[in-house]
Number of protein chains: 2
Amino acid sequence: MQDPFECTPTDHQHCISSALARAESLCRQQQVRLTPMRRRVLELVWQHHRPVGAYALLEQLQQQGRAAPPTVYRALDFLQSQGLIHRLESLNAFIGCAQPHRPHQGQFLICQSCQSLAEITDDGIERAIDAGARTAGFTPSNQMVEIMGTCASCRQQGATDV
Amino acid sequence: MQDPFECTPTDHQHCISSALARAESLCRQQQVRLTPMRRRVLELVWQHHRPVGAYALLEQLQQQGRAAPPTVYRALDFLQSQGLIHRLESLNAFIGCAQPHRPHQGQFLICQSCQSLAEITDDGIERAIDAGARTAGFTPSNQMVEIMGTCASCRQQGATDV
DNA sequence: CTATGTAATGTTATAATGTAACACTACATG
DNA sequence: CATGTAGTGTTACATTATAACATTACATAG
């Protein structure tokens, strides 16, 4: 398994371009339009490659012309509806989804030390949540799981010097 | 198991007063001060008995004198630090915790139909999350689990008339 | 009992996040 | 070309949260 927290600069260009390619293909399949604005916002999200707020994206858009909050939020809403990005509720931020092809909700590992984030898709977690909810007479439609802690590389460093 | 979504008016008075009594006792134990303001905010949170926003609480406080946002947020921070309330990230809202004596994080069942909320504490979920995170080389310290769906009573009604 | 320090609250202003409402433009289709 | 719908622009505002500093309450040492 590739460490989801690691990404060299070279990888990173690849991350971005392959994410955009996947998005193009997925939107064609779904017959929805990945307009220039939507594509641009998705590109910016992937450039960060960590949770990024709507207003940070807005500032970047404003460096190349005018833009206002609704424009960003609309693009983000669209991207989210297509599963191309996830929203992190505990951070009010967004991140690109690496597996937009198969619908999922994902669980998020948020490193409190380096602010990096990894997405996992763990059937065991999803099943446990589903079972727990149903035991309480509740019919779940959607799960949000955000896990705060320390990523592997921060833990190694932190073991001595933090 | 008592249905966490149900609470008659009579029960409700009992909910509030017993929550306050538990809070008093817990704060004495912890040697922290449940000041009148903090107590009042906790009481208001319990009066709602569903997720309530900081500004809704603020408005209520303002009906009995002046109050400003920092006052409410400080009280909420304190209550949260003592485990007396939980913050629901996906709703930007707060709710009283029914088991403040044993530290826990809880999982939240949010009914999208009636906006009620139930807290469960499911070891299976917590273990699955812990295991899933560790498999990814991540050391979790804290979990946020918010589950959207339909509560039992809404589902019964909704089966026919929604 | 007063002095002193810390915790808690008051107060003002502002930051950060998000949306409503309406105008305009682009684009597909009849 | 006419028309409708999706997408974007624009303005204004709503909602949520915090920074910074003043003041008050309260415990404890002297």
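Lettering follows sequence order; numbering is per chain, from 1. What you see below is based on every heavy atom in this structure, not just the backbone, and it leaves out hydrogens, waters and symmetry mates.
- With contacts defined as side-chain heavy-atom distances shorter than 4.5 Å, the pair B/Arg50/B/Gln115 qualifies.
- Residue A/Gln82 contributes atom CD, which lies 14 Å from atom C1' of D/dA6 at whole-angstrom precision.
- When rounded to the nearest whole Å, the span between CG of B/Leu34 and P of C/dA7 equals 18 Å.
- Listed by first and then second residue, the side chain to side chain donor-acceptor pair (under 3.5 Å) pairs involving residues 27-39 of chain B are B/Glu24-B/Arg39 (not counting sequence neighbours).
- Across all strands, A/Arg39 comes closer than 4.0 Å to no nucleic acid atom at all (heavy-atom distances).
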Are there any protein N/O atoms within less than 3.5 Å of an N/O atom in nucleotides 8-11 of chain C, and if so, which ones and at what distance?
unit_1: C/dA8; atom_1: OP1; unit_2: B/Arg38; atom_2: NH1; d: 3.2
unit_1: C/dA8; atom_1: O5'; unit_2: B/Arg38; atom_2: NH2; d: 3.3
unit_1: C/dT9; atom_1: OP1; unit_2: B/Thr35; atom_2: OG1; d: 2.4
unit_1: C/dG10; atom_1: OP2; unit_2: B/Thr71; atom_2: OG1; d: 3.1
unit_1: C/dG10; atom_1: N7; unit_2: B/Arg74; atom_2: NH1; d: 2.8
unit_1: C/dG10; atom_1: O6; unit_2: B/Arg74; atom_2: NH2; d: 2.5

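- One atom, CG of B/Asp77, and another, P of C/dA7, lie 16 Å apart when rounded to the nearest Å.
- Put simply, the side chain of A/Thr121 never gets that close to the backbone of A/Gly106: no donor and acceptor are under 3.5 Å apart.
- In terms of phosphate contacts, B/Tyr73 brings no side-chain nitrogen or oxygen within less than 4.0 Å of OP1 or OP2 of D/dT18.
- In this view, B/Glu126 satisfies the salt bridge (charged side-chain N to carboxylate O under 4.0 Å, His left out) rule with no residue, not counting sequence neighbours.
- Of the possible donor and acceptor atoms, one in the side chain of A/Glu146 sits under 3.5 Å from a partner among the backbone N and O of A/Glu89.
- A straight line from CD of A/Gln64 to C1' of D/dT8 spans 16 Å, rounded to a whole angstrom.
- Side-chain atoms of A/Gln143 do not come within 3.5 Å of backbone N or O of B/Met148 as any donor-acceptor pair.
- Between B/Gln31 atom CD and C/dA7 atom P there is a gap of 14 Å when expressed in whole angstrom units.
- At whole-Å resolution of the value, CZ in A/Arg40 and C1' in D/dT8 are 17 Å apart.
- Around NE2 of A/His12, the count of heavy atoms belonging to other residues, nucleotides or ligands within 6.0 Å exceeds 12.
- Between the CG atom of A/Leu91 and the P atom of C/dG18 there is a distance of 11 Å, given to the nearest Å.
- B/Leu76 has its CG atom 9 Å from the P atom of D/dA17, to the nearest Å.
- Under 4.0 angstrom from either OP1 or OP2 of D/dT15 there lies no side-chain N or O belonging to B/Asn92.
- A close approach under 4.0 Å does not occur between any side-chain nitrogen or oxygen of A/Tyr55 and OP1 or OP2 of C/dA16.
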